[in-house]
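Start at 1 with the first residue, then count along the sequence. Keep in mind it's a predicted model, so treat the numbers as computed, not measured.
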Amino acid sequence: MGGVAVRPARWADGEALAAIDRRVWSPVHSPAPAPEPAPSTDPARPFFDEQGPPAQHLVVEVDGRVAGYIRLGPPTPLASNAHVRQILGLAVDDGARGRGAARALLRAACAQARAEGATRITLRVLGHNDAARKLYASEGFAVEGVLPGEFLLAGAYVDDVLMGRGL
């Protein structure tokens with residue numbers, strides 16, 4: 001029987017996660033440039049690297065297929081905020097949306113952050129990403145700051161919204 005399951009990422013997940021990033025990228029979700037298409041000689045640009053290894057990622061499977069990820073890490077290398085974890089990325093494939101995959105990833109990330117000794121978790125979301133903001137709020141995240149007009153996306157200035165919650 002299928003369903004939604006979250007597990008630690010593995011190096012072997014890289015190709016599937018890079019493909020998901022390419023499919024779901026949008027200026028509604030990310031201020032970064034669109035991921036480059038995979039060259040025909042290389043099925044996918046490496047998803048994992050030294051700054052973002054599998055250990056920082058959780059993967060969600062829906063009906064046994066890789067359907068998305070969440071990346072969790074310290075916001076800075078400073079000891080003074082080692083008690084904080086930050087969600088550094090979250091993506092769910094279009095075909096898996098509406099099945100609870102993003103919510104499962106958020107809950108698993110909070111549990112992992114607690115297990116690592118964190119007492120707070122934070123994230124940044126674009127102001128016009130209403131669906132994500134509603135999801136985060138429903139999971140206890142509150143707006144803690146707004147950087148007005150922080151990004152110029154598709155010809156419009158977009159706020160960067162800082163959200164967080166205690167663990």
Side-chain angles (χ1 to χ4, degrees), residues 2-9 13-38 44-45 47-48 52 54 56-75 84-114 118 120-167:
V4 175
V6 177
R7 62 167 174 79
D13 296 321
E15 186 175 321
L17 297 177
I20 289 169
D21 263 357
R22 287 190 301 275
R23 284 193 299 273
V24 305
W25 182 91
S26 154
V28 171
H29 306 116
S30 176
E36 294 181 24
R45 191 171 146 204
F47 181 81
F48 299 118
Q56 287 188 346
H57 294 76
L58 296 171
V59 168
V60 67
E61 293 181 349
V62 175
D63 297 332
R65 295 175 59 123
V66 171
Y69 70 89
I70 194 165
R71 181 175 171 208
L72 183 68
V84 179
R85 291 296 176 275
Q86 186 171 51
I87 294 171
L88 301 167
L90 187 152
V92 173
D93 213 355
D94 290 336
R97 293 194 180 164
R99 304 270 314 266
R103 188 174 304 279
L105 284 167
L106 279 173
R107 290 177 179 174
C110 288
Q112 180 171 317
R114 272 192 302 276
R120 281 185 41 74
I121 188 166
T122 63
L123 60 86
R124 296 170 68 169
V125 61
L126 295 174
H128 62 201
N129 191 343
D130 294 330
R133 290 178 64 184
K134 278 177 77 170
L135 172 65
Y136 299 142
S138 75
E139 288 296 316
F141 287 83
V143 173
E144 297 181 340
V146 177
L147 301 173
E150 186 73 2
F151 299 106
L152 178 61
L153 303 174
Y157 290 102
V158 178
D159 296 348
D160 189 12
V161 178
L162 314 174
M163 299 181 79
R165 61 167 275 196
L167 295 170

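Note: Arg124 CZ to Glu150 CD = 6.5 Å, rounded to the nearest 0.5 Å. A distance of 12.5 Å separates CG in Leu135 from CG in Asp130, rounded to the nearest 0.5 Å. Note that NE2 of His57 is 5.5 Å distant from CZ of Phe48, once rounded to the nearest 0.5 Å. Atom CD1 of Ile70 and atom CG of Leu123 lie 8.5 Å apart (nearest 0.5 Å). Note that CG of Leu167 is 5.5 Å distant from CZ of Arg114, once rounded to the nearest 0.5 Å. Atom CZ of Phe47 and atom CG of Leu17 lie 4.5 Å apart (nearest 0.5 Å).
Within 6.0 Å of CZ in Arg65 there are 12 or fewer heavy atoms belonging to other residues, nucleotides or ligands.
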Using the side-chain contact (heavy atoms from CB on, under 4.5 Å) rule, take Val28 and Leu126 through it: C-alpha gap first, then chi angles, then the decisive distance, then the call.
-> CA-CA 7 Å; Val28 171; Leu126 295 174; over 6 Å; no

Apply the test salt bridge (Lys or Arg N to Asp or Glu O under 4.0 Å) to residues Asp93 and Arg23: give CA-CA distance (whole Å), side-chain angles for both, the deciding distance (0.1 Å), then the verdict.
-> CA-CA 7 Å; Asp93 213 355; Arg23 284 193 299 273; 2.6 Å; yes

Give the C-alpha distance, both sets of side-chain angles, the deciding distance and a yes or no for side-chain contact (heavy atoms from CB on, under 4.5 Å) between Val158 and Asn129.
-> CA-CA 10 Å; Val158 178; Asn129 191 343; over 6 Å; no

Residue pair Arg165, Cys110: steps toward the side-chain contact (heavy atoms from CB on, under 4.5 Å) verdict | CA-CA 10 Å; Arg165 61 167 275 196; Cys110 288; 3.8 Å; yes

Full working for side-chain contact (heavy atoms from CB on, under 4.5 Å) between Val24 and His29 | CA-CA 9 Å; Val24 305; His29 306 116; 5.6 Å; no

Quick one: do Arg99 and Asp63 satisfy salt bridge (Lys or Arg N to Asp or Glu O under 4.0 Å)? Show the steps, please.
-> CA-CA 10 Å; Arg99 304 270 314 266; Asp63 297 332; 3.0 Å; yes

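Counting only heavy atoms from C-beta outward, the side chains of Leu105 and Ile87 never approach each other to under 4.5 Å. Put simply, the side chain of Val6 does not reach to within 4.5 Å of the side chain of Arg107, judged on heavy atoms. Between Leu162 and Thr122, the closest side-chain pair of non-hydrogen atoms is not below 4.5 Å. In this structure, the side chains of Val66 and Arg7 come closer than 4.5 Å at one or more pairs of heavy atoms.
What you find for Ile121 and Ala113 is that their closest heavy atoms are CD1-CB, 4.4 Å. The two atoms that bring Gly100 and Val4 nearest to each other are O-CG1, 4.3 Å, heavy atoms only. Minimum heavy-atom separation, Ser138 to Arg103: OG-NH1, 2.9 Å. What you find for Gly127 and Val161 is that their closest heavy atoms are CA-CG2, 3.7 Å. Looking at every heavy atom in both residues, Glu139 comes nearest to Leu106 through CG-CD1, 4.1 Å. Residues Asp13 and Pro8 approach most closely at OD2-O, 4.4 Å, considering heavy atoms.
Looking at Asp159, its side chain does come within 3.5 Å of a backbone N or O of Gly149 through a donor-acceptor pair.
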